[in-house]
Structure formats: C-alpha cells, structure tokens
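Below: the structure, in structure tokens.
Atoms within a ligand are numbered from 1 in the order they appear, just like the ligands themselves.
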Amino acid sequence: MKIAMIGTGYVGLVSGVCFSDFGHDVVCVDKSEEKIAKLVAGQIPIYEPGLDDLVARNVAAGRLSFTLDLAEALKGADAVFIGVGTPTRRGDGHADLSYVYAAAEEIAQNLDGYTVVVTKSTVPVGTNREVARVIAAANAQAEFDVASNPEFLREGAAIEDFMRPDRVVVGVESERARGVMAEIYRPLSLRNAPVMYTGLESAEMIKYAANAFLATKITFINEIAALCEKVGADVQAVADGMGRDGRIGSKFLHAGPGYGGSCFPKDTSALARIGQDNASPMKIVETVMSVNDAVKRRMVEKVLDLAGGSVNGKAVAVLGVTFKPNTDDMRDSPALTIVPALVGGGADVRLVDPQGRREGEALLPGTSWHENAYTAAEGAEVVVLLTEWNEFRALDLGRLGGVMAARRFADLRNVYTPQDLEAAGFECAFVGR
Ligand code: UDX
C-alpha cells in the first residue's frame, strides 16, 4: 500500500513510521520546514523511545520519506491519513478543527485517483462527514471515501502501543474503503489484534468515550485517595483490592497528582462541549474535569503542610516536571499548577527532569534547573517527587537526605513506602496513605 501521512506530531509521526515498518510505502508530510528538515537529516523532533531506530531502519529500506510537498505525497496513494493537531480552541473548549479542514481542502486539490481519506487525529463526532463534504465541495471530480481511524497510543510507549494494540477501530461506510483499511492493517490482524469496523460516528465516539472513561478512572481513585487520608486507609491497598475484580481491572488506578498530557484534558473538554451542544450533558465528565483541577491544587496544600505550613524562603526540590515519564511533553502537566504555586509561596524551587527542561524552562519561570536529584536537593527542606521517571524510583535515600537542610519527602506518585522513607529519617507525605 502507498500511504501519505499529514502531520508529523506524536500521532502522525509514530503512525507513519509504524506503517512503513509494516512494509507499506509511507510519505510523511508537514508544513513545518524545520520539522521536515530535521526528519530528512535523521533527527526526531519529539522524544519517544525507539522511534529514532525505527525511522533509520525504514528510511534505509526506502519505505519511508519526509516532504513538504503534499501533491508529491499523494501521487498514487491508496490512503492519506490526517494526523494533524486538534488542540482545545481558546475560549469555548471545543476542539480546534481548522488544521483538519485545511488538510481536507488541500487533499481535495491534490488527489490522484481513488484514495481513502482517513482521519487519525481525535475529532468530534460529525467531523469525518464534514471532511467528506469539504473535499466534495472543493473538487467535484474527487474519487474518495472517508474513514475514521482514531489512535490510542500513549506517549512514551507509542511504538509498543501501535504495534500491539488492544484493538484497531475503523469507521467506514464503503466496502472499497474497508478493503483498503484491511490491507493497511493486515500485519496487525495477522498478529491477532482485532480490527473492528463501525460507522463513522461510532468510531469518533469510541475515542472520546475511552479517554474520558480512563480520565474518570484516575480521578475516581484520586478522590478515593483523599478520603483514604482522612480515614486512615491506604489507597495502594484499596486500588489493589479493587483492581483484582476483573470487571474493574487494575490499570489506571494509580493515585497521583492528577492527570495531564495532550489527550485527557483536551478530550474531556471537547466531549463536555459535544454533550452541551447536543443537549445531552456529560455530567460525569464535567465533574471529572473539575475534580482533577482540585486534585492538582490539593498537592500544593500537601507540600505546604509537610513544609510546616509555608515554603516561604525555603528551598524545594521538584523531581520530574513532565506530565508522565518517558516524554518531554509538558502539556497540562500537574507541574504547571504545582510549581508556580510554590514559587508564588516564596520557595526557591529547584527542578530536575531528564527531558523536561527544553520546554519547561519557559513555562516555569523563577526556578533553577539541576543535573540530578542530589544536586537539586542540595540545601532543600523538602523534596517533591512529581513525575516517576526511573531515575527517581531508585534513589539513594540516605545520600539524598545527607545533602538536604531538612529531611522531608512528598512522594506524589507513591513510588516509595513509608517504611523506605522513614528508615532514611524522612518525614513524608504520600497521596492516599
Ligand atoms: C492517553 C491514553 O492512554 C491514550 O490511549 C490516548 O491515545 C492518549 O491519551 P497519554 O496522554 O500518552 O495517553 O498518557 P497516559 O499514560 O494515558 O497518562 C495520562 C495521565 O494520567 C498522566 O498524567 C499520568 O500520570 C496519569 N495517570 C495514568 C495517573 O495519574 N494514574 C494512572 O493510573 C494512569
């Protein structure tokens, strides 16, 4: 199959590269000269473990290339995927679809024979039908079908998720388009990943419903965690006991400082707006959004309490600022709520993150950056473990305490046990225990 992929962000780039690894001919297109120049030079514009090797292998095999020229990418393409961004629109919380429709217009002008136009970006219900309308209006001769193919990969585990998905969702309405999609995903079907076919609206809805459900699950355990603290229960034990019920499942029940990232905040917001627009309010999702905001603010209180009521004039080391480990992504990271609150409270905030500095420097003013946990903790009165990077999971707690002015540890990811921290002389705080 010959595939054009529009957009080289997380979803577009990973999907394009993985499709080429399946053996398809893939051309990735982006409007950013800088991104394409980097990719052509073998550099990867995002941090994603394993992606550089996969790019190199498929470029060398002649199956993967990068260009600014959409017309060239569309020549003879069996399918063109739209993998552009759909950020939250300022002001109203809706998904901003301007990049999607701009791509559709451009596709319409450059189609080369029958092509399936596939939306991979997360888009509100009705968007694929609108993409079809935009293309037909711009080019009455266009031979095409649309398909909705939402992507469920997680940052930091993107390649593994793409290559071994729990399911592939394809919304299509014509047999011909279904045939093309089946061919594209054949390597996954051979490995027993179910490829399920639905209508366009259902496929669009599956993505929002899945993400909102996961955000709800996390938020539920975060709310239980707050109650556990009040009544003397341990949320780790509670989550373990709940998760062993097969109907509940143990994943996404880890209490923490609140969910962040590029997807959950954006998709819950968009789903809430879709509900309002259709007079079918998403009350649970709306509550999840506001509880998650409260969870992040509660973390600030926790650190202040541990510091004896105030961080004014105190050095505080924050370990990890990205929204989760193995990414350089700062979007909606809890750090963006917690760190400015500590700076505002008069703390000398000392940051360390294996990948977060490039983006984080501008986003977290009034802080200093350090090489590792031990240099960040020098003279600190509190350490806050905010993102559970591997290098923070196996700290030499004695060494850490040795460089601090006071031994206090707020473990907002429940990486350590109270026994671990108390044995090293730390006064400690956790989430939900
Ligand atoms: C998510 C979805 O998992 C993925 O299917 C979708 O395509 C995009 O959105 P991602 O944003 O990359 O992926 O990260 P994920 O690993 O799902 O984590 C999201 C947030 O939830 C992070 O802030 C993480 O720290 C938090 N989280 C996750 C918890 O606090 N507890 C958990 O148990 C799981």
May I ask you to say whether Asp53 pairs ionically with Arg57, meaning some side-chain N is under 4.0 Å from a carboxylate O? no
List in chain and number order the residues that pass ring-ring contact (aromatic ring centres under 6.0 Å, His included) with Tyr416, two or more places apart in sequence or in another chain; answer none if no residue qualifies. Phe409
salt_bridge(Arg133, Glu130) N-O dist < 4.0 Å: yes
Write 'none' if nothing qualifies; otherwise put on separate lines each N/O atom of ligand 1 with a protein N/O atom under 3.5 Å away and their distance to 0.1 Å.
unit_1, atom_1, unit_2, atom_2, d
ligand 1, 5 (O), Phe152, O, 2.7
ligand 1, 7 (O), Glu151, O, 3.4
ligand 1, 7 (O), Phe152, O, 3.3
ligand 1, 7 (O), Leu153, O, 3.1
ligand 1, 7 (O), Lys207, NZ, 3.0
ligand 1, 12 (O), Glu155, N, 2.8
ligand 1, 12 (O), Lys324, NZ, 3.2
ligand 1, 14 (O), Lys324, NZ, 3.1
ligand 1, 16 (O), Lys324, NZ, 2.9
ligand 1, 23 (O), Gly260, N, 3.0
ligand 1, 23 (O), Phe323, O, 3.1
ligand 1, 25 (O), Arg413, NH1, 2.8
ligand 1, 31 (N), His254, O, 2.9
ligand 1, 33 (O), Leu253, N, 3.4
ligand 1, 33 (O), His254, N, 2.9

dist Arg298:CZ -> Ile338:CD1 (nearest 0.5 Å) comes out at 11.0 Å
For Tyr197, does the OH atom have more than 12 heavy-atom neighbours from other residues, nucleotides or ligands under 6.0 Å away? yes
Test ring-ring contact (aromatic ring centres under 6.0 Å, His included) on Tyr185 and Phe19; report intermediate values, then the result. CA-CA 8 Å; Tyr185 280 107; Phe19 281 144; 5.5 Å; yes
